[in-house]
Amino acid sequence: MATYLREHRHTAPKLCVSLFVFLLFVVVPITALSVGEARLVRSNTAAKEVEDYTKYYNYVQMTRLLKFMALKYPHIANLSSIGQSVQGRELWVMRITKDPNADVPGKPKCKYVGNMHGDETISRQVLVYLVEYLLTRYGEDPRITELVTRTDIYIMPSMNPDGFEMSREGDCSGGAVGRSNARNMDLNRSFPDQFDKINIQQEDIPEVTAVIKWILEKKFVLSGNLHGGTVVASYPFDDSASHIMQGHYSRSVDDNLFKHLALTYAKNHPVMRTGEPKCPDTPDETFEDGIVNGAKWYDVPGGMQDYNYLNGNCLEITMELSCCKFPPASELKKEWDYNRESLIAYLEQVHIGVRGYVKEATNGTALPDVRIMVAGINHNLTTAQFGDYYRLLLPGTYNVSAIATGYMSMTVVGVQVVEGKATELNFTLAPLGNEPTGGITIPFTPTTTTTSSTPQEARPPAQPEHQPIQPQDFRHHHYNDMELFLRRYSNGFRSIAHLYSIGKSAEDRELYVMVISDNPTVHEPGEPEFKYIANMHGNEVVGRELLLNLIEYLCRNYGSDPEVTQLVNTTRIHIMPSMNPDGYEIAREGKRGTGYTGRNNSNNFDLNRNFPDQFTTITEPRQPETIAVMNWLKMNPFVLSANLHGGSLVVNYPYDDDKQGRTEYSKCPDDKVFKQVARAYSQENTLMHKGHPCEDLYRSEFFEDGITNGANWYNVPGGMQDWNYLNTNCFEVTIELGCVKYPKAQHLPLYWDQNRRALLQYIHQVHRGVKGMVINIKDGTGIPNATITVEEIDHQITTNLAGDYWRLLVPGTYHLTASAQGTTRRNDLYVKIYATVPEEGVELVDFRLTRVHSDPNGQAPMDPRATQDPAEVVFQSFIKDLSLGQGLEQLVQSTATESSFRYRRYKELSEFLRGLTFNFPKITSLHSLGQSVEYRTIWALEISNKPDEPETAEPKIRLVGGIHGNAPVGTELLLEFAAFLCINYGKNPTITRLINETRIVILPSINPDGRELAREKQCTSTVGMTNTHGKDLDTDFFGNASQRVVEAQPETRAVMDLILERGFTLSVALDGGSLLATYPYDKPVQPVENEETLKYLANVYARNHPKMHLGDTGCPSNDQMGNIPDGVLRAAERQSHMGSMKDFSVDFGHCPEITVYTGCCLFPPAEQLATLWAENRKALLSMLVEVHKGVRGVVKDKSGKPIVGAMIVLNGGVRVFTAEGGYFHALLAPGNHNIEAVADGYQQQRQEVVVSSYEAASSIIIEFDMDNRIFGLPREFVVATAAASMTALVVTACIIWCVCSAKSNQQKDGFHRLRQHRDDYEDEIRLTSMGSKKSLLSNEFQDESESDEDTLYANADKL
């Protein structure tokens, strides 16, 4: 055996090897087969589980599924938790990208978050499906492969797993169950907010805390927040400072980009892109293109999407995926199909715009946290840990800067962004110690960029240009040259520069203004408005050229120079290089201080003596340049201004004149402020600050510190700077720039060097004093026209339309008061506060006002909003948008129609009206009110969505023209207005809404006979003024027969009958011969009960007219010219007379009426009609808005039955009556008003209402109790008293009857005795008869002589 073993010791290993090989080939394949089969089974099971669209995954199922997919696809998937929910559930995030366990540069990060509201569940499911879709198609689908390779994708299916577990399938409305987290906190109202402080304990919102940390750490570029409840894509901002619940567009500086991102998602979703979700609870809700601004939809403070944008590098929108929040699981497959393409397409948008790296110049290391700034977009982001950045931008040309502490900034100008892929732009920053300060600017050089190539670095040139960039082209710019210059910079720097014209000069040259700001086309609440004006005197040209230099300087240095960037980002700067372009064209170069050629405008009027003055009446006609500037100032909330002149070297501040017209110091209330801002300029101009200007011309002239009070220098009545201060919020000074008014062109660089710092420093002064918002604490809305008063300074300023204000002050502590209008002091909104103005900068002071008032009985008045339904809230927002800001102006601009203006005689007018009814039958109805003397029809056209149905709940407005036939402008304007409304109905949503909510009745011509006689171009002729009977119809409206001498004219009777139908809320009559608005009464001595309201209505029309509100009629024959405040006058003060239509409307129609005089010429040439229409269109539209304000409501009894004919007494005077359905509507001036409701058989009701100048009338309900009182006493007491009185009367009557009966018997006895003497019987009869006749006479004439009985007894005694 041993021998056997020894002999075979070498063959044994071979057998073992053979056996091992055998087993390897037999066993291993079997094992491999088993393992392979197990994997296959597991894979199939997982695939079946993921793709089963018939059920929702609860937390446990979702966790198991996500873990499995992460294990299966480890090369592209990594599952992690960013934190835990209140109840300890993990907040899972699946990261999907190539090499998911490592952070590598060059891949932008994007994320989806779902199920933030636990009961909105479609988002949760489709994100699980998206995870599976991306993982399974990677490597097979080229599109998905590229997306996953180039992008770092993070998907969180459920941010609120606790809420999901509480929700129930099939619950579409959600209620409150499951929406919030386990501590009942709404996670989408719990993020820090830019406008409000969110007071929530962190332990109550661990989900939000975890997400905030995640956002800040990862520096995401793009994000989507998936919700449910409707179908729309919503974008920032989600709320606003005013927190208006609906309808307020809250715009971010990336608004266009956000709209593009939202559209990307919406247009790929088959339901969302229609804009009509047709959700059962809101079937009529629509969204244009399927997207909406968050705050415009409804205000959401503390939302996640705004936090991402404001605090991370991330742009996030919110996608609402389904009408039903938790639909049946059978809907899941359909919802996934709807959203799949949108989800992918949205992720791809992370690769648009500009991307690149920022490195250190000396060693090439990456620089994190470098600010990337895009000129004109005031929203910066920072580089990530590898120095990489991703700035999403729309296609266009941009200037992009990289700014880091301790390094020279670098700006690349002209960066081209194309559609579809990001432009690669890299920066190399040099430390400040190695290079000159000031930053570097270089042009952009396009390079081809791919994901695999190393991009070429943008390095500074060998000899960098030092900052700031100075203007290079110094020359005199005539009008055409200046126009081209302005257009070039407006087009070249669109993100910060916008060119517009405020009007035209006397020779029709445009009065151009360049506005420069980070958002140049709109006023941003809280950002002050500043202006420079130059060349008011055409021969003083230095200011004109300096302002062109300033425009170039600001545009070219924005984004690279910190001072310029800060000024542009925080100020809206308006620059008018030439107010007098006509004068400039005739001025001559080289003129010194005494030159006058070109000083005045082309009408030879000095524009700086042409403004209304506080001490002197300016008799010269107001010039077009002056009117344009006055209008401009009224439309913009300017805070600070300077008017650049020439001829000396000094800053001159108000007042410019005084009462006596003497050369002496004329101090204004803000004298200290004016000295401060004046010195701010002069101190930066060394020569000016010395105070000895023009020594060769005025040797003895000296100005301390280079400043002077205007009147102390010389008296200037009608100056622009005083008008600014007295009529607007704007503080203006006049800056004299040099002794030579029109210097040689070669000297212009010297003027720029002397004034550059001063021009910038003066702009900085707009950021001094106090600023803030005045907000109604009740609803969070800004209060426009609130008054800001500073104790001991007799000069108030008012808030802008958004409620923001700026009040310039010198450093110190002040007692400030903010108040809003009310009828009495106790009803005002007002708050007092102390504020300290710092030495530098501005003090922020916000006022939150509370209205304090009560009724006479000490009860709080009924809140009109208590009865509002959601539709009413939306309509309130609609009216508010039209009343504030540029709402009406935008409406006018968006509804331009082609018109061919001409005068129409009666026949053509009738055909035109009938044509409207033929073309627009659903919204028009034509009626005949009667006929004129010559049998022409008095037409009334009604425009409404239901013109033939009485809608007493809608306000009704009457527009009347042609009461004087020789003034037909009103007729043509009303015909055009009717066509304008009809044509835009159904096309423009605002016009459509106004027509749907208003009954508009237009009487274009109520004196057609007179119109036939009148002739065009007759500005003062009276031919056609009266009707055929020679009667002025505006003297023929009498309500009392005792006042009427003759029968009413047929035209008058037709209109009177319409007025007496009542039901009208407002009436506006158009006439001619002046330029103003008048209100009742025309009667010479009649007191006006409701004057405040009537005057207010006239003011509304006038202030929406570009010329009327200036108070200058421009009519040479008008004695009131230049002295009509706000262009509004009580009618009797213009021309008093009896029998006017508006007096009749107020007294007998219970409807306020104003008369608008559209122009000085009664019958101007037809060529002027287009201009007159342009001037009056906005004002006419304002009346359609105004008719919805005031107070409205319903009067009913306790059972809900409407009371028709109840009398509504306003402020104890004006009366209106309820119509069918118990409805009433009355216009009132803004403020507090008392309402009394009176109806027979009911107790009198009293309420106090608050009327706003910008809000629609809130509906109130007045309920009557049966009047159980008689003579003010309880009914039971009065009845008992009456019964007792009646009983007493009956008893008394019985006693009297008994007494009378006894006397009668005695009388009979007396006669019986008398008859015994037969001889005297006839005498007795005769005497008795005489006594009876005497009794009759006594009854007839109330004779107090003796009675019949006394006479008879006396005769009996005689006998």
Side-chain angles (χ1 to χ4, degrees), residues 502 505 511 531-540 542-544 576 578-580 583 593 596 598-601 603-634 638-671 673-675 677-678 681 703 707-737 741 762 795 1110-1112 1122-1123 1125:
I502 67 167
S505 67
L511 302 178
K531 64 181 169 73
Y532 273 130
I533 297 179
N535 202 210
M536 187 182 198
H537 291 145
N539 64 337
E540 298 170 9
V542 172
R544 176 183 174 120
M576 177 188 279
S578 181
M579 182 180 167
N580 185 4
Y596 284 94
R599 173 187 176 91
N600 296 343
N601 76 343
N603 292 332
N604 200 28
F605 289 102
D606 187 331
L607 298 181
N608 207 33
R609 308 294 190 280
N610 196 237
F611 284 78
D613 191 84
Q614 61 177 324
F615 301 122
T616 305
T617 299
I618 305 301
T619 58
E620 289 81 5
R622 204 80 65 228
Q623 295 303 294
E625 297 91 343
T626 309
I627 292 172
V629 169
M630 292 168 69
N631 276 327
W632 181 42
L633 267 63
K634 290 282 190 179
F638 292 113
V639 178
L640 183 62
S641 172
N643 179 14
L644 306 187
H645 282 247
S648 188
L649 192 62
V650 67
V651 181
N652 155 35
Y653 55 88
Y655 289 131
D656 253 340
D657 64 342
D658 65 1
K659 291 181 180 179
Q660 289 75 32
R662 295 194 296 259
T663 300
E664 60 184 12
Y665 203 113
S666 184
K667 183 184 292 188
C668 76
D670 280 290
D671 191 64
V673 174
F674 277 112
K675 286 181 179 179
V677 298
Y681 192 98
F703 303 110
I707 68 173
T708 183
N709 173 264
N712 201 39
W713 185 16
Y714 62 93
N715 215 268
V716 179
M720 182 166 70
Q721 70 176 15
D722 286 9
W723 191 88
N724 270 264
Y725 180 66
L726 294 168
N727 295 276
T728 74
N729 288 343
C730 188
F731 289 48
E732 181 174 277
V733 301
T734 302
I735 302 174
E736 304 282 346
L737 295 168
K741 293 188 175 184
Y762 189 75
H795 182 76
L1110 299 175
D1112 183 1
N1123 295 302

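By the side chain to side chain contact (heavy atoms under 4.5 Å, CB included) test, Ala711 is found to be paired with Ser666, Asn709, Asn715, residues two or more places apart in sequence or in another chain being considered. Legend: residues meeting side chain to side chain donor-acceptor pair (under 3.5 Å) with Asn601, ordered by chain and number and at least two apart, are Gln623, Glu625. Residues satisfying the side chain to side chain donor-acceptor pair (under 3.5 Å) test with Tyr762, not counting sequence neighbours, are none. Residues satisfying the side chain to side chain donor-acceptor pair (under 3.5 Å) criterion with Ser505, sequence neighbours excluded, are Asp582. Judged as a side chain to side chain donor-acceptor pair (under 3.5 Å), and not counting sequence neighbours, the contacts of Asn600 are Asn604.
At least one donor-acceptor pair closer than 3.5 Å links the side chain of Asn535 to the backbone N or O of Glu540. In this structure, Thr728 contributes its side chain and Asn724 its backbone to a donor-acceptor pair below 3.5 Å. Without hydrogens or angle criteria, Asp670 side chain to Val673 main chain gives no donor-acceptor distance under 3.5 Å. With hydrogens and angles disregarded, no donor-acceptor distance shorter than 3.5 Å links the side chain of Asn643 to the backbone of Thr734.
Contact check for Phe605 versus Pro621: side-chain heavy atoms found under the 4.5 Å cut-off.
The heavy-atom pair separating Tyr681 from Leu737 by the smallest distance is OH-CD2, 3.5 Å.
Salt-bridge check for Asp671 with Lys675: passed, with a basic side-chain N closer than 4.0 Å to an acidic carboxylate O.
Taking the ring centroids of Phe674 and Tyr725, they lie under the 6.0 Å cut-off.
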Note to self: Assess the residue pair Asn610 and Thr626 against the criterion (side-chain hydrogen bond (donor to acceptor under 3.5 Å, both in side chains)); give the C-alpha distance rounded to whole Å, side-chain angles, the decisive distance to 0.1 Å, and a yes or no.
What the structure shows: CA-CA 7 Å; Asn610 196 237; Thr626 309; 2.7 Å; yes
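Residue pairs meeting the salt bridge (Lys or Arg N to Asp or Glu O under 4.0 Å) criterion with at least one member in residues 719-733, sequence neighbours excluded, are Lys531-Glu732.
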